[in-house]
Amino acid sequence: MAPILRFAPSPTGRIHIGNARTAILNWLFSRKSDGSFVLRYDDTDLERSTAEFAEGIARDLDWLGIVPDRVEYQSKRFDRYRAAAEKLKAADRLYPCYETPDELERRRKRQLARHQPPVYDRAALNLTEEERQALEAQGRKPHWRFKLDNRTVEWVDLIRGPQHIDTTNLSDPVLVREDGTYLYTLPSVVDDIDFGITHVIRGEDHVVNAAVQIEIFEALGGKVPHFAHHSLLTGADGQGLSKRLGSLSIASLREEGLEAMAVVSHAALLGTSDSIHPCIDYRELVDGFDLAKLSRAPARFDDNELRGLNARLLHMLPYASVKSRLEHGDEAFWLAVRGNLTVFADVNHWRAIVAGEVTPQIAPEDRDFIKVAASLLPSAPWTGDTWKNWTETVKSATGRKGKALFMPLRLALTGLDHGPELALLLPLIGRDKAAMRLAG
Ligand code: GLU
């Protein structure tokens, strides 16, 4: 059976680099295994979820090159969750509780003071039918807890290895709130069963959820998927990224002008045994993908590393892959300037140096030298050899060599002390402009 993966964001905000990493790992797994990829919006929180955020996430994924085979919304599936809740009630695995948040908090404090684990004491299970009716007559509405089996739940995590969690140490989780709305836990399991999800790759903040959810899968008679919980991203300083997530949203990385494949390469290779290097497209990442390469240690995300990777990617992009984005300039221009780009928009800067007005920089002590060089400019047409031939002639005529020969020419021709190889740039600048610039 072909694997079925899913990425399940809550559309209560945009996705950031950490979420994108989860999406990309699921996507890579699905492509590697000829499986399929479900985008599932976890939008049961009707107040905080918006269509704008959902559309934004779809755009972000599309930019990252992820094309879901199926898209689902939890908000359209409440009847399925209701049916599952009824099934759990009938099996005595879902029970009504009437405690207010205040009461629960007081109980928790008492437990802590007695050095007991702050686990829900299941007091509601002992309520008689009359007591329940009395509470409801007071206007209290129940929330519903899943009755854990109090056993050791085991699974072999595809990243973390054998896991066992004793659910005796956990509070029975609330699945349905007082107002009848669902928390994430149950809908996720119902969907994973209904959509035939075979592998769940997600952050390790969900490891404990996995134990609870495995019990729910079993209580509903569903097939338990394979789980793979990856470590979370930290900043370069080792701290969590949470405070900076706004600036690390996929939307802001895109607006900053980063290449999608730089973000993808970074997210896919971070925290793996492979070196982080730029990949031009998904092919290499899919071929090399293996969950076993993921480390359990937190993966350090460093903006500067991402920016460096972006530059390295641009430096190797062939003309064909940027042609449609280049407003001006042909292949020769691209090959000349790509090695000097940090972000793609830098092409405009080099375009201006080639074709626009520049202010030549000619130091007083170089004036005579530049005059001689100008008089020796070869005639058109100019080719890739022009620079070499010209500078050799200038060298013999002036006796200058090395930096003393090349830097004044660069400063006069481009107004800058750095930039693309002049052998490539000079034919693009052309004889007329070059002569003008050398004239100051
Ligand atoms: N909506 C959940 C989250 O974003 C999904 C967790 C899961 O993959 O099961 O954390």
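Start at 1 and go down the list; that is how both ligands and their atoms are numbered.
For ligand 1, one of its N or O atoms has an N or O atom of Y184 under 3.5 Å away.
Between D102 and T100, the side chains place no donor N or O within less than 3.5 Å of an acceptor N or O (distance only, hydrogens not considered). Under the 3.5 Å distance criterion, with hydrogens and angles disregarded, a donor-acceptor pair is assigned to the side chains of R177 and T181. In this model, no donor atom of one side chain and acceptor atom of the other lie less than 3.5 Å apart for E259 and N310. Under the 3.5 Å distance criterion, with hydrogens and angles disregarded, no donor-acceptor pair is assigned to the side chains of R202 and H230.
Distance from atom 10 (O) of ligand 1 to its nearest protein heavy atom, with residue and atom name: H206 NE2, 2.8 Å. Atom 4 (O) of ligand 1 has as its closest protein heavy atom A8 O, 3.4 Å.
Salt-bridge annotation for E256 and R307: present, with a side-chain N of the basic residue lying under 4.0 Å from a carboxylate O of the acidic one.
The residue from E72, R80, R40 that alone fulfils the side chain to side chain contact (heavy atoms under 4.5 Å, CB included) condition with D191 is R40.
Counting heavy atoms under 4.0 Å from ligand 1, residue F7 does not touch it at all.
Counting atoms of ligand 1 from 1 in the listed order, those under 4.0 Å from a heavy atom of R202 are 7 (C), 8 (O), 9 (O). For ligand 1, the atoms lying closer than 4.0 Å to a non-hydrogen atom of D42 are 1 (N), 2 (C), 5 (C). Residue-ligand proximity, S10 to ligand 1, at heavy-atom distances under 4.0 Å covers atoms 1 (N).
Put simply, part of R6 is less than 4.0 Å from ligand 1, judged by heavy atoms.
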